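For the numbers below, each heavy atom of this structure counts, side chains included, while hydrogens, waters and symmetry mates do not. Letters A, B, ... are given to chains in the order of the sequence lines, protein chains preceding strands, and every chain is numbered from 1. All values reported here derive from a predicted model rather than from experimental measurement.
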Amino acid sequence: MWMGGFTAEKTKMNREIRVRFAPSPTGALHIGGVRTALYNYLFARKTGGKFLLRIEDTDQTRFVPGAEEYIKESLDWLGISPDESPWNPGDCGPYRQSERKPMYMQYAMDLIEKGHAYYAFDTAEELEAMRERLTAARVVSPQYNSITRTQMKNSLTLPEDEVKARLASGEPYVIRIKIPRKEEVRLNDLIRGWVMVHSSTLDDKVLMKSDGMPTYHLANIVDDHLMKITHVIRGEEWLPSAPLHVLLYKYFGWEETMPQFAHLPLLLKPDGNGKLSKRDADKHGFPVFPMDWTDPNSGEKAMGFREQGYLPEAFLNFLAFLGWNPGDHREIFSLEELIEAFSIERIGKSGTKFDINKAKWYNEQYLRAKSDEELGAYLMADLEKEGMQITPEKAGQIVHIMKERATFPADLWKEGKFMLIAPTEFDEAIASKKWNLEAITVLKTYTEKMSAFEGDLTPETAKSILEEAAETNGIKLGKVMQAVRLAVTGVGAGPDLMAVFSIIGKEELIKRITFAIEALPEQG
RNA sequence: GGUCGAUUCGUCUAGGGGUUAGGACGCAUCCCUUUCACGGAUGAAACACGGGUUCGAUUCCCGUAUCGACUACCA
């Protein structure tokens with residue numbers, strides 16, 4: 001007896017840590033779900049445990065084809081693939097609840113035998129009538145509970161013979177949990193501390209549906225137990241039903257191995273209030289899903305972070321900091337560093353508003369850290385789509401001067417195309433201010449000197465020739481620089497001009513300048 | 001309505017009985033520079049309110065307000 005508590009603790013502590021991510025395949029995986037998966041993954045890696053994925057598809061009416069593949073691909077893209085899953089099963093399969101269907105009824109029956117659950121035969125209409133009656137009587141929360149169940153059609157009110165007859169006749173029924181009238185239910189949440197709820201505020205939730213499938217409540221307890229889950233890390237929206245789950249563990253006699261709970265703060269809209277939704281994405285023009293998604297039923301499209309040009313490591317870093325921080329001032333974390341620094345204790349309690357600016361900033365940081373070779377490959381791929389080709393060397397040179405000003409890989413081409421395609425139009429505001437006789441004179445001299453130049457056009461040689469051209473005409477280089485840029489690029493802003501010249505090359509440079517002088521009328 | 005939860009700059013947050021309340025994003029100014037960007041520097045910007053407890057509260061307690069989640073044979 002005196003050792004009881006000790007052994008229980010010991011048993012608990014010696015168990016291998018196992019956590020799970022349990023999404024429903026009802027559509028694209030929401031960013032909040034991705035964060036939940038990430039925290040589960042980090043916790044498992046940090047503790048040397050296992051990260052499993054279980055598909056919660058007990059609602060067959062909400063099944064969406066492709067959703068499961070979407071979940072898998074999203075996690076793979078981010079590099080946080082589960083150790084055990086439907087497509088990579090371990091010893092606790094199956095990993096789809098629909099495939100576990102035969103397992104649940106015996107547990108529901110166990111509860112009935114113990115007197116913690118009962119059959120109910122009420123139709124949807126009868127339930128609706130009950131709610132209306134209660135609402136009319138100004139009952140604060142109309143629900144199927146210890147009081148109202150005495151007036152409903154269930155195995156608690158019906159004679160035993162009739163219950164048997166109804167069951168035998170194949171009449172549809174559900175199995176409900178019998179919530180005790182007076183009991184304090186408490187749980188120690190890893191993030192929120194002690195949460196206490198009185199059982200009188202709970203209702204007799206359905207455990208087995210009339211289609212023979214369990215509800216989430218039954219299935220998640222049975223499966224977590226069978227899959228030896230030690231920690232349930234999930235969204236805050238589950239907090240209100242957590243006491244029900246605690247009660248179920250107790251009634252099954254599984255208290256000793258009941259997982260610890262950690263309810264994550266919600267991801268909120270960037271403006272106003274409320275949970276982040278697809279509507280916000282459409283409204284603000286940023287994604288809330290990891291990847292593009294087209295709903296197979298409605299045809300509705302949603303954009304993804306991946307297709308928008310977010311790098312997986314940047315997205316991951318951003319996501320990790322939505323509700324968690326390492327406690328110091330570091331901001332940039334690789335997946336390995338996140339694992340090293342992660343702890344549930346440092347997850348915040350309050351909801352987190354979604355700020356796409358921060359996501360962009362992270363992307364810029366990671367983009368700049370990439371090598372010219374890697375980014376050059378991006379650029380070459382983009383160019384190929386346009387039917388153009390350049391050497392890896394040239395691609396490397398271009399991205400080298402472009403990456404400081406890009407947010408997404410696609411910007412490399414979008415913002416840098418002027419280096420491969422000559423301008424046909426010129427920024428009028430710059431032209432009217434800077435395109436004058438002095439500039440034209442210098443540019444003419446420059447093309448002459450450039451034609452005569454034999455050798456490597458490096459940023460340095462390009463510059464010294466330009467300086468000579470200005471000096472020859474007794475003009476200060478700074479005065480005409482903007483015009484020179486305009487002539488070659490068509491615009492007034494961009495990366496270091498001499499580096500651009502070196503990339504463009506001598507022949508093209510002369511062509512562009514000559515064209516500009518012909519095309520642009522001299523201003524005052 | 002009920003139950004549960006949350007509340008530090010605009011946003012993400014650190015901190016915690018005595019601090020000039022720290023950092024990051026964004027914003028502004030300046031520097032660098034041939035422009036823009038990068039980078040650097042500087043600046044504006046916060047403890048929801050009211051009561052306690054205390055020598056002292058942003059920090060602890062209690063209320064209030066606000067916001068949110070949940071309240072299905074959905075998860």
Side-chain angles (χ1 to χ4, degrees), chain A residues 22-26 56-59 61-62 97 120 122-124 127 131 135 138-144 172-176 189 191-192 195-198 200-203 205-217 219-220 234-243 263 265-266 268-275 318 321-332 346 348-362 364 368 401-406 415 430 434 463 466 476-486 489 491-498:
Chain A
S24 284
T26 55
E56 309 239 327
D57 55 352
T58 51
D59 186 354
T61 63
R62 292 212 306 163
Q97 288 183 329
D122 315 279
T123 63
L127 289 171
R131 286 190 195 102
T135 308
R138 296 228 181 80
V139 172
V140 282
S141 51
Q143 53 185 16
Y144 209 115
Y173 65 92
V174 299
I175 296 175
R176 287 181 181 270
D189 188 273
I191 294 172
R192 280 148 223 287
V195 176
M196 274 162 270
V197 174
H198 196 87
S200 61
T201 65
L202 267 27
D203 64 341
K205 282 266 180 301
V206 170
L207 262 22
M208 289 295 291
K209 299 187 268 188
S210 56
D211 66 356
M213 274 289 199
T215 58
Y216 169 84
H217 300 106
N220 108 86
R234 82 230 292 197
E236 193 188 305
E237 64 268 29
W238 294 109
L239 199 50
S241 57
H263 288 95
L266 262 14
L268 272 18
K269 298 174 185 297
D271 56 352
N273 301 297
K275 240 163 129 178
F318 165 70
F321 272 69
L322 252 30
W324 171 87
N325 76 84
D328 56 35
H329 287 157
R330 292 176 298 160
E331 303 273 346
I332 305 294
R346 294 210 63 87
K349 292 178 169 62
S350 52
T352 300
K353 283 188 185 169
F354 186 83
D355 180 13
I356 196 66
N357 269 329
K358 198 86 172 214
K360 285 183 180 168
W361 178 78
Y362 270 113
E364 287 163 1
R368 280 169 206 149
I401 60 171
M402 287 308 299
K403 67 180 172 189
E404 298 291 301
R405 46 216 312 127
E415 311 289 325
I430 305 288
K434 305 286 185 180
K463 179 152 199 191
L466 185 58
K476 269 199 79 181
L477 185 55
K479 279 186 77 178
V480 299
M481 213 50 197
Q482 279 289 80
V484 176
R485 176 181 291 279
L486 183 73
T489 70
V491 292
D496 177 71
L497 236 203
M498 295 309 119

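When both distances must be under 3.5 Å, the Watson-Crick or G-U wobble mate of B/rC67 is B/rG5. Nucleotide B/rU42 forms a pair with B/rA28, judged by Watson-Crick or G-U wobble geometry with both contacts under 3.5 Å.
Backbone-only contact: A/R192 has heavy atoms under 4.0 Å from sugar-phosphate atoms and none from a base. Using a 4.0 Å heavy-atom cutoff across all strands shown, A/P495 reaches at least one base atom of the nucleic acid. Counting any heavy atom pair closer than 4.0 Å across all strands shown, A/M213 reaches no nucleic acid atom. Using a 4.0 Å heavy-atom criterion, one finds that A/T201 contacts the sugar-phosphate atoms exclusively. Residue contacts for A/R346: at a heavy-atom cut-off of 4.0 Å it reaches the sugar-phosphate backbone alone, with no base atom in range. Counting any heavy atom pair closer than 4.0 Å across all strands shown, A/G494 reaches a base atom.
At least one donor-acceptor pair closer than 3.5 Å links the side chain of A/S24 to the backbone N or O of A/E56.
To the nearest whole angstrom, the two P atoms, one in B/rG5 and one in B/rC62, are 12 Å apart. Taking atom C1' on both B/rC27 and B/rC12, the two are 16 Å apart, rounded to the nearest angstrom. Here, B/rU42 and B/rG22 have their P atoms 13 Å apart, quoted to the whole Å.
At least one side-chain nitrogen or oxygen of A/T58 sits closer than 4.0 Å to the OP1 or OP2 atom of B/rA75. Between A/K349 and B/rC4, a side-chain N or O to OP1/OP2 separation shorter than 4.0 Å is absent. A sub-4.0 Å separation between OP1 or OP2 of B/rU71 and a side-chain N or O of A/K205 is absent. Distances shorter than 4.0 Å separate none of the side-chain N or O atoms of A/K434 from OP1 or OP2 on B/rU35. Applying the 4.0 Å criterion to OP1 and OP2 of B/rG1, one finds that A/R138 has every side-chain N and O outside that range.
In this entry the distance linking CG of A/D203 with P of B/rC73 reads 8 Å, nearest Å.
Ring geometry for A/F318 versus A/F354: interplanar angle over 60°, hence perpendicular rather than tilted (30 to 60°).
Between the side chain of A/K358 and the base of B/rA24, a donor-acceptor pair under 3.5 Å is found.
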